[in-house]
There are 2 protein chains.
Amino acid sequence: MATASRVLNGGDRVPRPELQERVREAAAELGYTPNAQAQALAKSSTNVVGILVHDIEDPYFAAIANGVMRAADERNLLVMMASTFRDAEREIAYLSSLRAQRARAAVMIGSRRTDADQLARTANEIEAFLGSGAGLALVSQSGMPAHTIEPDNRAGAAQLARELVGQGWRKFGVLAGPEQLATARDRKDGFVAGLAEAGLEPVVVLPGDFTRDGGHAAAVELLDRKLDVDCLFAVNDVMAVGAMSALRAGGVDVPGQLGVAGFDDIATLRDVWPGLTTVRLPLEQMGRRALELAIEGGDPRTETYAPEVVLRESTTRQ
Amino acid sequence: MATASRVLNGGDRVPRPELQERVREAAAELGYTPNAQAQALAKSSTNVVGILVHDIEDPYFAAIANGVMRAADERNLLVMMASTFRDAEREIAYLSSLRAQRARAAVMIGSRRTDADQLARTANEIEAFLGSGAGLALVSQSGMPAHTIEPDNRAGAAQLARELVGQGWRKFGVLAGPEQLATARDRKDGFVAGLAEAGLEPVVVLPGDFTRDGGHAAAVELLDRKLDVDCLFAVNDVMAVGAMSALRAGGVDVPGQLGVAGFDDIATLRDVWPGLTTVRLPLEQMGRRALELAIEGGDPRTETYAPEVVLRESTTRQ
DNA sequence: CTGTTAGCGCGTTCAA
DNA sequence: TTGAACGCGCTAACAG
């Protein structure tokens, strides 16, 4: 048995070629397939890593997950992915499952809502996860006792505000997303701060969902209230695109009557017209790096990624 | 030991409440976490299912994967996802890994290129996978000895052709994607067949990649050759959107000078302007159903899903 | 109703 | 260089 094990799996010193051959033949003949569970049990270590996303159909998460999967593939790690459908309970349950699976590491993507109780329970599960010896990295969620990858949302949004002001826009409306979502809040705050540098403040800040429909609804509300605004900033690209649809339906020309900007620079949306001014995040690289940190382990580290403003036609002054 | 096992895990008849309590306390005190690997080994069965996609960042795959994950979540199954990055070798290797993991079932999404040798090797691995007792379903790949979920690409494309002809378009260009890809070929063939019913045939059929860039490049070529075409059919939405960008850059008005249609009805692209005429596929439901069939097992069955033409502004006659 | 025993399939000592 | 024995953590069959 040990001999067979040596030639078929472990890189241990292998027997002489002739015996190797015999073992391989026998394996083929018997239709042998190594049992990863048994291997894991014997070695008490697996090559499984987990990814937790809120919604894999959202291109933001898909892009980051793609980076994680690429990095995992390069290291011959198997990926267990779970979509939490934005349910904190599910997230905790999945993390616990990963612990039971003795996953080597996990990456949690996306920021959580700031419900104190939920957050505490999530933190507990995270402690347990790390306590089991596995590695963990979070993307876009600070304040947890694990590696953290964070885009500098505030700085990116502030820079966007500066550039828009530089283009001549003055009367801004902000489609702010949910107030409890750190990512949304930081982008909104950064934008407002950027405006403040020029002595401006937004005409209106409309909360809403962090989704296409949220952006659409907020834009509809904006039109209904006939607010005096000349440029809209939506805290992510899918919201911006939803808003553009609403504006079009309302007969508002973009950017002729109203400029529109988003955040993320989602690849799938780079062909919309007018081209969406946005803030680019290195999503794939962030995912990649998150996995590296998670595998690496060690003391919690935070890495911040600088976003980059991309000006396109949706905010071109005419 | 058995008593503890009974109260903590298996639904076997449980001991009296008092003892249950004692076990739970001890477990909590010791920080006990069930070892899923050991459970799997002892029960010789897991609750892991696999998903194989070509590229999770492609919204088509993300939508189907989303359906699979929803169905898995409802059944308390853990999902192992692999992105093959369109590499057949990787695909085979992953399927083999899933076998080693003793996965209960797997879903393979997307059609493979028709390279006879690769196809045979994939078929071999599929046989081995099924031979291990696991279930398997393929989405958009026929001709394999497993459950198959197939959109009726030909019928959908043919219907699209009929409706476009009905709107008054006559001189069609087809951005056909790769000839070796069954999905692309079927859509192209169906479209051509639909045109034939009206006594028409396409002015030009341009091959290319099945991606945004493929559509873009094909449209550029079309413009360069100054072909006399009044409507473009791209065999998927991302190609169509890439083509629209190229047309815009070339100063061609859509749909004023050229109509454009796609295929899939990708959710993220429903807000592009002009709204993209396309053929809707129930992607999430297909993914869902694929998992059900894979879990269910039994004799290979094929289920076909009827697409539905969605007319939007990109083909509105002016 | 509870505790004991024997594997599940493997990697890893330790002797030979 | 090879083979025998043990243990990884758990469940299922059995005995008490």
Side-chain angles (χ1 to χ4, degrees), chain A residues 1-48 50 76-78 80 95-105 128-129 131-134, chain B residues 1-48 50 76-78 80 95-105 128-129 131-134:
Chain A
M1 267 216 45
T3 305
S5 173
R6 282 190 264 262
V7 11
L8 296 175
N9 305 314
D12 216 15
R13 284 180 302 280
V14 287
R16 64 184 189 293
E18 177 209 318
L19 233 184
Q20 281 189 44
E21 196 41 46
R22 259 174 67 204
V23 170
R24 282 187 217 292
E25 269 175 31
E29 193 170 335
L30 298 169
Y32 171 80
T33 305
N35 185 322
Q37 318 277 351
Q39 290 182 320
L41 192 57
K43 295 196 289 201
S44 55
S45 95
T46 65
N47 60 337
V48 172
N76 256 301
L77 296 169
L78 259 28
M80 226 161 206
L95 203 51
S96 171
S97 289
L98 286 175
R99 190 153 49 100
Q101 294 288 334
R102 302 296 189 266
R104 185 183 293 190
F129 187 81
S132 79
Chain B
M1 266 215 47
T3 304
S5 172
R6 283 190 265 263
V7 12
L8 295 175
N9 305 314
D12 216 16
R13 283 180 302 281
V14 287
R16 64 180 191 287
E18 178 208 318
L19 232 184
Q20 281 189 44
E21 197 39 45
R22 260 176 62 205
V23 170
R24 281 185 217 292
E25 269 176 31
E29 193 171 335
L30 298 169
Y32 171 80
T33 303
N35 184 323
Q37 317 278 350
Q39 290 182 318
L41 192 56
K43 295 197 286 203
S44 54
S45 94
T46 65
N47 60 338
V48 171
N76 256 302
L77 296 169
L78 259 28
M80 222 159 210
L95 203 50
S96 171
S97 289
L98 286 176
R99 190 152 51 99
Q101 293 288 334
R102 299 298 188 264
R104 186 184 293 189
F129 187 81
S132 79

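Keep in mind that what you see is a predicted model, and the values were worked out from it rather than measured. Residue numbering restarts at 1 for every chain, and letters A, B, ... go by the order of the sequence lines. Side-chain atoms are counted along with the backbone in the values below, which use heavy atoms only and exclude waters and symmetry mates.
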Would the distance check show the side chain of A/Gln37 and the main-chain N or O of B/Gln101 forming a donor-acceptor pair, the cut-off being under 3.5 Å?
yes
Integer-rounded Å distance: D/dC8 P and A/Gln101 CD
20 Å
Does C/dG11 have OP1 or OP2 sitting under 4.0 Å from an N or O in the side chain of A/Gln39?
yes
What is the distance, rounded to the nearest whole Å, between atom NZ of A/Lys43 and atom P of C/dT13?
13 Å
Taking the side chain of A/Ser5 as its heavy atoms from C-beta onward, which of C/dG9, C/dG11, D/dC10 lies nearest to it?
C/dG11
Would you please test B/Asn47 and B/Asn76 for side-chain contact (heavy atoms from CB on, under 4.5 Å) and show each step?
CA-CA 8 Å; B/Asn47 60 338; B/Asn76 256 302; 5.7 Å; no
Test item: A/Thr46 side-chain N/O and A/Ala40 main-chain N/O as donor-acceptor pair under 3.5 Å:
no
Considering only C/dG3, D/dG7, D/dC10, which nucleotide approaches the side chain of A/Ala42 most closely?
D/dG7
Checking contacts here: which listed nucleotide (C/dG9, C/dT4, D/dG3) is nearest the side-chain heavy atoms of A/Thr3?
D/dG3
Just the rounded figure in Å: distance from P of C/dT2 to CZ of B/Arg22.
10 Å
Would you mind reading off the distance between A/Leu30 atom CG and C/dC10 atom P, rounded to a whole angstrom?
11 Å
To the nearest Å, give me how far apart CZ (A/Arg99) and P (D/dG9) are.
15 Å
In whole Å, what is the span from the CD atom of B/Gln37 to the P atom of C/dC10?
14 Å
Would you tabulate the nitrogen or oxygen pairs shorter than 3.5 Å linking the protein to nucleotides 14-16 of chain C?
none

Could you check if a side-chain atom of B/Met80 sits within less than 4.5 angstrom of a side-chain atom of A/Val48, using non-hydrogen atoms only?
yes
Please report the shortest heavy-atom distance between B/Ala134 and B/Phe129, naming the atom on each side.
CB-CE2, 3.6 Å
Base, sugar-phosphate or nothing for A/Ser45? Non-hydrogen atoms, less than 4.0 Å.
nothing
To the nearest Å, give me how far apart CG (A/Asn35) and C1' (D/dC8) are.
13 Å
Between B/Ser132 and B/Arg99, do the side chains contain a donor N or O and an acceptor N or O under 3.5 Å apart?
no
Whole angstrom value for the distance that separates C1' of C/dG9 from CG of A/Leu8
13 Å
Check B/Pro34 against B/Gln39 and note the closest heavy-atom contact, atom names and distance.
CB-NE2, 4.0 Å
Assert: residue with more 5' nearest nucleotide on DNA chain C, out of B/Ala38 and B/Ala2, is B/Ala2
